[in-house]
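Below is one structure; the comments refer to it alone.
We use all heavy atoms of the structure for the numbers below, so side chains are in, but hydrogens, waters and symmetry mates are not. Numbered from 1 within each chain, the chains take letters A, B, ... in sequence-line order.
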There are 2 protein chains.
Amino acid sequence: MKIDPASPADLSAQIAAAIRDAIVAGTLIVDERLPSEAELSEQFDVSRPTVREALKRLAAQSLIRTQRGATGGAFVNRLSFEEAYPQQITTSTLLLSMNAVSFETACEARYALERACAPFSANRRSPDHLATMRAEIHRQSQPGLTDEAFCASDVAFHRALVDGAGNPVLSYQLAGAVEAMQPLMNMITFSARDRARIVALHTDIADAVERKDADATAIALTALELETQKLAESVFAARASKPATK
Amino acid sequence: MKIDPASPADLSAQIAAAIRDAIVAGTLIVDERLPSEAELSEQFDVSRPTVREALKRLAAQSLIRTQRGATGGAFVNRLSFEEAYPQQITTSTLLLSMNAVSFETACEARYALERACAPFSANRRSPDHLATMRAEIHRQSQPGLTDEAFCASDVAFHRALVDGAGNPVLSYQLAGAVEAMQPLMNMITFSARDRARIVALHTDIADAVERKDADATAIALTALELETQKLAESVFAARASKPATK
DNA sequence: GCACTTCAAATGCCAGACAATTAGAAATCG
DNA sequence: CGATTTCTAATTGTCTGGCATTTGAAGTGC
């Protein structure tokens, strides 16, 4: 692991990159302890604060964890799906909000990915996943639910559907796509009529999943996508015609 | 933005979280300049190195960028898809290598997601995407190609297919799934026979995309998935029977 | 008006020190 | 001898203070 003091890049960034590469390449294995900060500062011939900045960069990506005390230090972290979820969601959310991605594009991607999960979920979902879906549908039927709560329940419903596929890689990839849409969905006000239609479509999906009918699940998802797109279109059109709503 | 000095968590982690939340919530907008390190250290009542560690954490996630000089400072970064790709790929790669995800599971997820892109790609791909696919197929037919180069070309082929869908959200999500599989694929040695079969299936895919035939594209992808799974199975079986290969 | 110089602000980096935490070793007591 | 307590060393977390480097902007001279 070498760094170039004459490089234009920050020393801490170079050090972080060197260690990250070693982790990705497998030179440093899970739970292995890195040298202490003092030793690293000697090895790289930089000061301890600089080493610390590098370690914090890695900690921000959950590549290492640190522990204080006599046997403490920095350890290569076993990156778990649970840890990776929030980062994935944060990144996806910001990508959507900062890049003027149209609602249509985001929605298309989300439902396309979700349809990809549908066959697996229909065949493999546990009774637990199905129960979660039914419970969320029931919650969505409650009158007096705020729009935010309705959206949150919507996300929970779809996550249960995706998790039902029993493939952690799919769940991880989908988490970003599904949750990142929530801020966009929260811009929509749902009338009682809208909610009834969505609940009906959710019920179609749950029924199809219960019957282990992969095709019907995909078809119901497509219907829900159309409904969502139509709803968003009308909301954005109304907002455009009288922009002084707020 | 407040932090709790008595909290067990690192001060720099708390500060980073506070600023990150402000960015995600929209309190800090793109290209806005954060207070200088000296000002932040006053606001949070911590020292400058602590503030710097917090800023490095955010920089590691591309949430901010820093600039030296008179008008320098830390700025809220417009997170672009280009910047997010490498992080997504690194994370996905580590998730697969550290969590004993079976080849089968990863492969299933990858092809499921790719099939989700197929209909869009068949209908929208530019001539450029198609040309890239043909070029990679041609490269894969060259004798004397190393296994690594063959895999790299394979990734390029599939990325062209995915990018052909013209949906940046899909491309972003798929980048992780496709590229993260490369280390797993690199464990496989491809015989000339294997390569010929894969090239033939790639040609089927390219032909279907050229005809704008979404169904045929999905079918060809499924055939390729089966071939890949079968190939991996035989390789792993052979390795298991005589484990002292290396 | 243009080129050059100077300046100030900000980040990047460093040295040294002290505080807090923690596991293990050592000492003490029953 | 065993259990408990205390001590100690190692390590990270934080602070103070300072210097180096970069860079835009203001000033200066021609």
Length of the line joining [X]:[atom1] and [N]:[atom2], which is rounded to integer Å:
X	N	atom1	atom2	value
B:Leu55	C:dA10	CG	P	14 Å
A:Glu53	D:dG13	CD	C1'	14 Å
A:Phe44	C:dC13	CZ	C1'	16 Å
B:Asp45	D:dT14	CG	C1'	12 Å
A:Asp10	D:dT21	CG	C1'	12 Å
A:Arg52	C:dC18	CZ	C1'	14 Å
A:Leu11	C:dT11	CG	P	17 Å
A:Lys56	D:dT14	NZ	P	7 Å

- side-chain contact (heavy atoms from CB on, under 4.5 Å) evaluation trace for B:Asp31 with B:Phe75: CA-CA 5 Å; B:Asp31 291 335; B:Phe75 298 83; 5.5 Å; no
What nucleotide, of [options], holds the atom closest to the side chain of [X]?
X	options	result
A:Glu37	C:dC14, D:dT12, C:dG12	D:dT12
B:Ser36	C:dC13, C:dT11, D:dT12	C:dT11
A:Arg33	C:dG12, D:dG13, D:dT11	D:dT11

- Message: With a 3.5 Å cut-off and heavy atoms only, can you find an N or O donor on one side and an acceptor on the other between the side chain of B:Arg68 and the base of D:dG24?
- Response: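 Not at all, since no donor on one side and acceptor on the other fall under 3.5 Å apart.
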- Query: Ignoring hydrogens and angles, does a donor from either the side chain of A:Arg48 or the base of D:dG13 sit under 3.5 Å from an acceptor on the other?
  - Reply: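 Donor-acceptor pair under 3.5 Å: yes.
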- Flag side-chain contact, heavy atom, 4.5 Å: B:Glu136 against B:Arg139: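 In contact.
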- Query: Looking only at side-chain N and O atoms, does B:Thr66 come under 4.0 Å of OP1 or OP2 in C:dG12?
  - Reply: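 Looking at the OP1 and OP2 atoms of C:dG12, one of them is under 4.0 Å from a side-chain N or O of B:Thr66.
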- Query: Does B:Thr71 make a side-chain N or O approach to OP1 or OP2 of C:dA9 shorter than 4.0 Å?
  - Reply: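 Answer no for this pair, as no side-chain N or O of B:Thr71 is under 4.0 Å from OP1 or OP2.
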- Message: Both A:Ala70 and A:Thr50 contact DNA chain C. Taking the nearest nucleotide for each, which residue is further toward the 5' end?
- Response: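 The 5'-side residue here is A:Thr50.
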- Query: Taking the side chain from B:Ser12 and the backbone from B:Thr50, do they hold a donor-acceptor pair closer than 3.5 Å?
  - Reply: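 Answer holds: no.
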- Query: Under 6.0 Å from the CD atom of B:Glu104, do we count more than 12 heavy atoms belonging to anything else shown?
  - Reply: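 Open: at most 12 neighbouring heavy atoms sit under 6.0 Å from CD of B:Glu104.
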- Task: Can you see which heavy atom on A:Gln88 is nearest to which on A:Gln173, and at what distance?
- Result: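 Reported closest heavy-atom pair: NE2-O, 3.8 Å.
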